[in-house]
Novice: 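Next up is a structure, given as structure tokens.
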Amino acid sequence: MIHLKVYVRASSDIRLARRLIRAVRYRNRTANQVIQQYLTSVRPAHIELIEPSSHFADMIISGEDNIAVHVHELATKLSHLQYTNDHDK
């Protein structure tokens with residue numbers, strides 16, 4: 001079994017923009033509702049709970065970069081872990 005903890009980091013403005021687009025488009029929420037929830041609940045929870053968990057990640061990748069680059073990085077890391085895991089048996 002392979003264990004790999006990956007943390008995807010994105011700036012707060014990108015996270016808010018993605019949340020706003022998704023909630024307005026797919027959840028019939030208003031921009032004001034989304035922003036209010038983000039400021040009162042989502043952002044504080046991210047700062048308190050999510051961001052600190054990045055310290056436990058084996059790999060931190062940008063959620064703002066081209067995903068193809070990170071897929072290659074993840075594949076390489078998983079191949080190495082699989083090789084190491086197979087040879088440790």
Side-chain angles (χ1 to χ4, degrees):
M1 182 180 294
I2 296 173
H3 296 278
L4 178 66
K5 296 174 293 300
V6 179
Y7 183 89
V8 181
R9 177 170 281 143
S11 63
S12 58
D13 57 336
I14 295 295
R15 292 192 313 269
L16 175 57
R18 289 175 179 167
R19 174 177 280 276
L20 185 58
I21 290 167
R22 184 178 57 243
V24 170
R25 183 178 295 161
Y26 300 112
R27 298 181 181 145
N28 296 319
R29 310 242 349 256
T30 67
N32 285 340
Q33 288 173 321
V34 176
I35 292 168
Q36 184 63 30
Q37 181 187 33
Y38 180 83
L39 293 174
T40 60
S41 300
V42 176
R43 187 171 184 277
H46 177 85
I47 292 167
E48 180 184 350
L49 304 169
I50 305 302
E51 185 67 30
S53 72
S54 68
H55 301 291
F56 301 105
D58 299 311
M59 193 172 178
I60 297 175
I61 62 174
S62 172
E64 300 177 31
D65 293 341
N66 181 341
I67 192 67
V69 173
H70 298 301
V71 169
H72 178 71
E73 288 176 29
L74 284 168
T76 300
K77 182 80 169 173
L78 288 170
S79 288
H80 176 73
L81 288 172
Q82 180 63 46
Y83 176 81
T84 303
N85 192 33
D86 288 346
H87 287 22
D88 286 344
K89 292 180 181 178

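Side chains are part of it too, since the values below use all heavy atoms of this structure and drop only hydrogens, waters and symmetry mates. Just so we're clear, the structure is a prediction, and the values are computed from it rather than from any experiment.
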Novice: Would M59 and L78 show up in the same hydrophobic cluster when neighbours are defined by side-chain heavy atoms closer than 4.5 Å?
Specialist: yes

Novice: Scan for salt bridge (charged side-chain N to carboxylate O under 4.0 Å, His left out) pairs involving residues 47-65, sequence neighbours excluded, and state none if there are none.
Specialist: K5-D58, R9-E51

Novice: Give the cluster check for V6 versus L81: same hydrophobic cluster or not, with ILVMFWY residues linked at side-chain heavy-atom distances below 4.5 Å.
Specialist: yes

Novice: Would you find more than 12 non-hydrogen atoms of other residues, nucleotides or ligands less than 6.0 Å from R43 atom CZ?
Specialist: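 Result for CZ/R43: open.
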
Novice: When rounded to the nearest 0.5 angstrom, what is the spacing between CZ in R29 and CG in N32?
Specialist: 11.0 Å

Novice: Give, for atom CD1 of I21 and atom CG of L16, the distance between the pair rounded to the nearest 0.5 Å.
Specialist: 9.5 Å

Novice: Indicate the atoms forming the closest heavy-atom contact of I60 with S54, along with that distance.
Specialist: CD1-O, 3.8 Å

Novice: Taking A10's backbone N and O only, do any of them form a donor-acceptor pair with R15's side chain (distance below 3.5 Å, no angle check)?
Specialist: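 Flag set: sc R15 to bb A10 pair under 3.5 Å.
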
Novice: How long is the gap from CZ on R25 to CG on L20, to the nearest 0.5 Å?
Specialist: 10.5 Å

Novice: Side chains of D13 and S11: is there a donor and an acceptor less than 3.5 Å apart?
Specialist: yes

Novice: Just so I know, are the side chains of L4 and L74 near enough to count as touching, which here means a heavy-atom distance under 4.5 Å?
Specialist: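 When only atoms from C-beta onward are counted, L74 and L4 do touch, with a gap below 4.5 Å.
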
Novice: Could you tell me whether the side chain of Q33 reaches within less than 4.5 Å of the side chain of Q36, counting heavy atoms only?
Specialist: no

Novice: Which heavy-atom pair separates Y38 from P44 by the least distance, and what is that distance?
Specialist: O-CD, 3.8 Å

